[in-house]
Amino acid sequence: MKCLWLPALLLAALLDLTATQAGTRFCNDTDALHHLAVVLRDGGSWVAQGWQHLHPGDCADPVPRGYPGKFLYYRAESPGHRFHDDSVQFCTAPGQFRIPRGGDCTGQGQAWRRFAKASLNQPVLLSTRSHSGEGAADSLQDQHHIAEDGLHYTAEVVFQGCRLNTAEETVTCKFVGHGMEIGSEGRLQVEDPVFTYLLGLLRGAPLEIDGEMISSFGSFGELDLHSVTPRVPDRYDGLLQKMQGVWLSERSPLDRFSISGAMRRVSYGGRRMTPEFLSVQDSCQGGKGADFLLAWDSLRGSSLCYRIDALTQDRMTLTYMPRGIRLDYRRVQ
């Protein structure tokens, strides 16, 4: 039987943040012991550190006062629980560890683990990512996204189009996946047909890309692209494809947004907001058993979660989670 007193206890703990909002508080609102690891910026580099034990009802503040970043990464593990990550991978080790970026993760007991992204100064409940009865931790064979500069990278993405520079005979292509935009530049050469192939694709095509991450920071990365493989569209790709176009709020004619590929641009009264990177998935913000739209802010690293309640050719109804606010839109283009 789950501990029914945990929600009240955790609410009190989350409200007990310092006035200066120094960091991000993690609270274990599940009925199982969890082990927490976090990844923070330190001297311009990402550093993974863990594991901190969090018993049911415990909270931790691993972010130091004055931390300069806007977001961080974290992972919480417990036997019999599955952690829903954002496919950003860092090196970990058993017991207490501190591992800077840039290594090959081949030390004794070291292993790649996938982490989730969290905004700074926002309280985190472990139940939003760690769910029981879904199997053990992800297998190493299923891990695929390296967030370390200069390391191998492969991921499922949505194609965002290419820009051709005829004067220099180069082409720059962009992709969106796992809350970030990935750019890659190459030359149009007969012996390297990857970019020639990409120029013939429509925006929104589902792909799997493989290469070496040259640089990455926040929500943007630069990839030395080695190969591109078409993916068979799944139902989430189909829902995203159905959302393409311009949508107007039924409640406020000043509120509208456009979706192109896996990118959304919201505007209010003609003022355009920061681009958001989209993902359609089966859970977010603790919600399950439905289709959800997750929108990552490209600059702040924060995310918004919507449940997709209805989607037709001309109408879309979303529920903003976790407040339960209903949002109705009609297609105008």
Side-chain angles (χ1 to χ4, degrees), residues 82-89 112 114-117 134-135 138-147 151-164 171-186 188 192-214 216 219-245 258-264 275-284 288 290-296 298 303 305-306 308 311 313 316:
R82 182 179 179 86
F83 185 73
H84 290 265
D85 55 79
D86 291 322
S87 298
V88 182
Q89 187 168 295
W112 295 111
R114 292 186 295 182
F115 285 65
K117 196 175 187 180
E134 301 185 40
D138 306 326
S139 67
L140 291 179
Q141 288 76 18
D142 192 38
Q143 298 172 353
H144 57 274
H145 182 147
I146 305 294
L151 293 183
H152 180 249
Y153 177 101
T154 178
E156 293 184 351
V157 297
V158 174
F159 179 58
Q160 289 299 125
C162 295
R163 185 183 72 253
L164 180 63
V171 59
T172 301
C173 300
K174 293 186 178 180
F175 316 87
V176 167
H178 309 292
M180 70 182 300
E181 181 182 72
I182 303 153
S184 185
E185 182 177 284
L188 298 178
D192 185 8
V194 172
F195 287 92
T196 303
Y197 167 74
L198 289 172
L199 282 173
L201 289 182
L202 294 176
R203 182 173 299 188
L207 302 170
E208 180 174 316
I209 58 175
D210 183 272
E212 183 177 327
M213 189 66 73
I214 300 172
S216 64
S219 299
F220 300 91
E222 183 180 359
L223 186 71
D224 180 8
L225 186 61
H226 297 168
S227 66
V228 173
T229 306
R231 287 192 294 113
V232 177
D234 57 25
R235 67 184 310 271
Y236 302 118
D237 292 314
L239 288 172
L240 185 60
Q241 187 60 40
K242 204 171 181 179
M243 293 179 179
Q244 302 296 300
S258 64
I259 295 180
S260 179
M263 185 175 293
R264 181 172 80 157
E276 297 170 328
F277 305 136
L278 302 180
S279 173
V280 180
Q281 50 197 54
D282 60 0
S283 65
C284 73
K288 297 174 61 178
D291 297 319
F292 296 89
L293 179 67
L294 189 65
W296 287 99
S298 60
S303 63
C305 175
Y306 306 88
I308 305 171
L311 179 60
Q313 186 64 29
M316 175 163 46

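All values below come from the heavy atoms of this structure, side chains included, with hydrogens, waters and symmetry mates left out. The structure displayed is predicted, hence computed values, not measured ones.
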(message) Holding to side-chain hydrogen bond (donor to acceptor under 3.5 Å, both in side chains), I want the full list of residues that pass it with Ser258, two or more places apart in sequence or in another chain.
(response)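 side-chain hydrogen bond (donor to acceptor under 3.5 Å, both in side chains) check on Ser258 returns nothing, list empty.
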(request) Under the side-chain hydrogen bond (donor to acceptor under 3.5 Å, both in side chains) rule, collect the residues that match up with Asp282, sequence neighbours excluded. (result)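 side-chain hydrogen bond (donor to acceptor under 3.5 Å, both in side chains) list for Asp282, sorted by chain: empty.
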Taking the side chain as everything from C-beta on, heavy atoms only, tell me whether [X] gets closer than 4.5 Å to [Y].
X	Y	answer
Leu198	Leu225	yes
Met263	Glu181	yes
Lys117	Ser303	no
Val228	Phe159	no
Pro230	Tyr197	yes

[X] [atom1] to [Y] [atom2] distance, which is reported to the nearest 0.5 Å:
X	Y	atom1	atom2	answer
Gln281	Leu240	CD	CG	11.5 Å
Ile259	Lys242	CD1	NZ	13.0 Å
Cys173	Leu199	SG	CG	6.0 Å
Ile182	Phe220	CD1	CZ	11.5 Å
Asp224	Ile214	CG	CD1	5.0 Å

On a heavy-atom basis, which atom in [X] and which in [Y] lie closest, and how many Å separate them?
X	Y	result
Val157	Gly177	CG1-CA, 4.2 Å
Gly221	Met180	N-CE, 3.7 Å
Glu208	Thr154	OE2-OG1, 3.5 Å
Leu311	Ile308	CB-CG2, 4.3 Å
Val158	Gly261	CG1-C, 4.1 Å
Ser283	Lys288	CB-CG, 4.0 Å

Give a yes or no answer on whether the side chain of [X] reaches the backbone of [Y] with a donor-acceptor pair at less than 3.5 Å.
X	Y	answer
Ser184	Leu223	yes
Asp86	Val88	no
Arg203	Gln160	yes
Ser298	Glu276	no

(request) Would you please test Met243 and Leu278 for side chain to side chain contact (heavy atoms under 4.5 Å, CB included) and show each step? (result) CA-CA 11 Å; Met243 293 179 179; Leu278 302 180; 5.7 Å; no
(message) Around atom CZ of Arg163, are there more than 12 heavy atoms from other residues, nucleotides or ligands closer than 6.0 Å?
(response)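 Counting neighbours around CZ of Arg163, 12 or fewer heavy atoms of other residues, nucleotides or ligands fall under 6.0 Å, so no.
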(message) Checking Phe292 now: which residues fulfil ring pair (Phe, Tyr, Trp, His ring centres under 6.0 Å) with it, not counting sequence neighbours?
(response)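 So Phe292 forms no ring pair (Phe, Tyr, Trp, His ring centres under 6.0 Å) with any residue.
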